[in-house]
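Worksheet: the structure to be examined is printed underneath.
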Number of protein chains: 2
Amino acid sequence: MRDASHTRQKIHRAALDLFSSRGVAETSVRDLAQAAGIAEGTLYRHYASKDDLVADLFLSNYAAFAERLRTVRAVAGLRARLDAVAALVFGFHDADPTLFRFLLLVQHQALARGGDGDDNPVTVLRAMILEAQAAGEVTMTDPDLACALVLGLLLQPATALVYGRLSGPLLPLSSTVAAACWRTLNP
Amino acid sequence: MRDASHTRQKIHRAALDLFSSRGVAETSVRDLAQAAGIAEGTLYRHYASKDDLVADLFLSNYAAFAERLRTVRAVAGLRARLDAVAALVFGFHDADPTLFRFLLLVQHQALARGGDGDDNPVTVLRAMILEAQAAGEVTMTDPDLACALVLGLLLQPATALVYGRLSGPLLPLSSTVAAACWRTLNP
DNA sequence: CCTCCAAAAGTGAACGTTCACTCACATTCA
DNA sequence: TGAATGTGAGTGAACGTTCACTTTTGGAGG
């Protein structure tokens with residue numbers, strides 16, 4: 001047989017590119033097949049449906065990033081952890097901005113359908129803040145608000161980059177943003 | 001003739017509800033007409049197309065909010081202005097969460113099509129930060145990063161509310177968030 | 001005060017297009 | 001050889017939009 005995984009790779013790339021630039025609903029299976037250089041029917045040899053492709057693309061990458069985020073637990077102390085998290089998020093963005101944009105774009109629809117398990121980056125971040133709070137490293141009382149604010153500081157720069165309101169790689173900004181997170185948690 | 005503005009109101013409400021809960025592409029004109037209690041053809045007496053409805057709904061509300069945001073210029077000093085901005089944003093959300101969610105949801109597509117004029121809330125915020133920077137009220141050097149971070153602090157709580165990661169009205173949180181914005185701009 | 005009318009507003013079946021998906025068949029390779 | 005993979009014309013459903021027609025209305029003319 002031919003190399004199935006190679007075909008899947010081509011589908012992945014085409015899907016990420018088109019989904020993140022046009023949106024999922026605005027991308028047809030025809031567009032997808034053409035961009036990947038395959039026939040429409042071929043896509044259905046690898047995925048049960050268009051929705052299945054979207055879900056697989058989202059959930060696998062979302063869970064993989066949550067896993068990487070969980071490794072930050074090896075770092076000691078909230079301040080250093082925030083540095084590590086910011087560097088991880090921004091490095092992840094810089095390594096594959098298209099993937100990052102896709103995850104941001106699709107989470108609205110995907111999370112509404114109950115993809116809210118433990119392999120969720122937000123859940124990992126929240127757990128980290130709760131742990132720091134228990135250790136007396138966080139002044140802010142509401143952990144949910146704290147989580148939302150840190151998330152805002154981490155994600156909005158990426159969004160600004162999409163709209164052209166910011167330029168260049170994000171990684172150099174990570175220590176600045178990590179500091180802002182720290183001061184937000186500790187007024 | 002019958003009351004045309006009343007029909008438009010019904011269309012507006014149905015459109016905001018459906019668009020913000022399901023998404024624009026996932027809402028058909030049939031759904032829209034049924035929810036508004038009108039016939040499909042009626043919608044086209046008031047809007048040239050579905051896209052026209054979306055654009056009108058977005059641009060008018062987006063510009064109106066930018067206008068309200070511009071009134072904050074009457075407040076003196078960055079610290080007080082941040083308080084006013086946070087209260088305005090959170091109050092706007094609490095008054096009509098559905099509208100707020102719609103604006104968040106649609107801006108991705110709408111702003112890509114070049115709806116980036118002066119009547120843009122982000123432009124207003126950026127101008128405010130630039131002005132404060134000139135007055136020596138902001139330590140952070142990059143105005144674009146500063147703008148992105150403040151935007152993140154203001155918008156993410158609303159997003160968290162959509163996902164059920166936060167509850168209750170946002171307005172009571174505005175002074176806390178405004179303080180976080182201030183500390184982010186002035187390390 | 002009533003009558004009538006043109007224009008505004010409302011209607012929903014029908015239209016052509018596009019969509020996601022299927023299937024009978026071709027190709028490849030272990 | 002047969003199982004895996006690739007193909008693209010074909011399919012029915014759903015979509016946005018149109019249009020011939022009805023209903024409603026404010027105001028002009030008697």
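Throughout, a chain's letter reflects where its sequence line sits, starting with A, and its residues are numbered from 1. Computed from heavy atoms alone, side chains included, the values below leave out hydrogens, waters and symmetry copies.
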Exercise. Hey, does A/T27 reach any base, or is it just sugar-phosphate, or nothing, if we go heavy atoms under 4.0 Å?
Worked result: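 The residue A/T27 makes sugar-phosphate contact but no base contact.
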Exercise. A/L130, A/L125: one ILVMFWY side-chain cluster at the under-4.5 Å cut-off?
Worked result: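 They do not share one cluster, since no chain of ILVMFWY contacts under 4.5 Å joins A/L130 to A/L125.
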Between [N] ([atom2]) and [X] ([atom1]): distance, integer Å:
{"X": "B/D3", "N": "D/dG26", "atom1": "CG", "atom2": "P", "value": "10 Å"}
{"X": "B/Y44", "N": "C/dT11", "atom1": "OH", "atom2": "P", "value": "15 Å"}
{"X": "A/L43", "N": "C/dA20", "atom1": "CG", "atom2": "C1'", "value": "10 Å"}
{"X": "A/E26", "N": "C/dT18", "atom1": "CD", "atom2": "P", "value": "16 Å"}
{"X": "B/L53", "N": "D/dT17", "atom1": "CG", "atom2": "P", "value": "10 Å"}

Exercise. Which nucleotide, C/dA20, D/dT5, D/dC21, lies nearest any side-chain atom of B/R45?
Worked result: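 Closest of the options to the side chain of B/R45: D/dC21.
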For this session: Check each residue of residues 8-25 of chain A for a non-hydrogen atom within less than 4.0 Å of any atom in DNA chain D, then write out the ones that pass by number, or none.
Result: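 Heavy-atom cutoff 4.0 Å gives no residues at all.
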Is the distance from OP1 or OP2 of [N] to the nearest side-chain N or O of [X] less than 4.0 Å?
{"X": "A/H46", "N": "D/dG6", "answer": "yes"}
{"X": "A/T7", "N": "D/dT5", "answer": "no"}
{"X": "A/T42", "N": "D/dT7", "answer": "yes"}
{"X": "A/H6", "N": "D/dT5", "answer": "no"}

For this session: State the OH-CD distance between A/Y163 and B/Q107, to the nearest 0.5 angstrom.
Result: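 Answer rounded to 0.5 Å: 4.0 Å.
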Problem set entry | Interface residues of residues 28-38 of chain B with DNA chain C (non-hydrogen, below 4.0 angstrom) |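 The answer is B/R30, B/I38.
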Exercise. Can you tell me if B/D52 and B/S49 form a side-chain donor-acceptor pair at under 3.5 Å?
Worked result: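 Not at all, the side chains of B/D52 and B/S49 share no donor-acceptor pair under 3.5 Å.
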Exercise. Are A/T139 and A/N186 close enough that a side-chain donor and a side-chain acceptor fall under 3.5 Å?
Worked result: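 Side-chain D/A pair, A/T139 to A/N186: present.
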Exercise. Quick one: does A/D3's side chain get under 4.5 Å of A/T7's, heavy atoms only?
Worked result: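 Of all side-chain heavy-atom pairs linking A/T7 with A/D3, none is under 4.5 Å.
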Problem set entry | Salt bridge flag under 4.0 Å for residues B/E131 and B/R73 |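 Yes, B/E131 and B/R73 are salt-bridged.
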For this session: Identify whether the distance between the nearest side-chain nitrogen and carboxylate oxygen of A/D119 and A/R70 falls below 4.0 Å.
Result: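 Between A/R70 and A/D119 there is no salt bridge, as every charged N stays at least 4.0 Å from the carboxylate O atoms.
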Exercise. Taking for each residue the nucleotide of DNA chain C with the nearest heavy atom, is it B/G41 or B/A4 whose nucleotide lies nearer the 5' end?
Worked result: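 Nearest nucleotide further toward 5': that of B/A4.
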For this session: Compute both the distance and the angle, then confirm whether B/R8 meets the cation-pi test with B/Y47: under 6.0 Å from the six-membered ring centre, within 45 degrees of the axis.
Result: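 Yes - B/R8 lies over the ring of B/Y47, closer than 6.0 Å to its centre and within 45° of its axis.
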For this session: List the atom of B/Q133, the atom of B/M140, and the distance in Å for their closest heavy-atom pair.
Result: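 Shortest heavy-atom contact: NE2-O, 2.9 Å.
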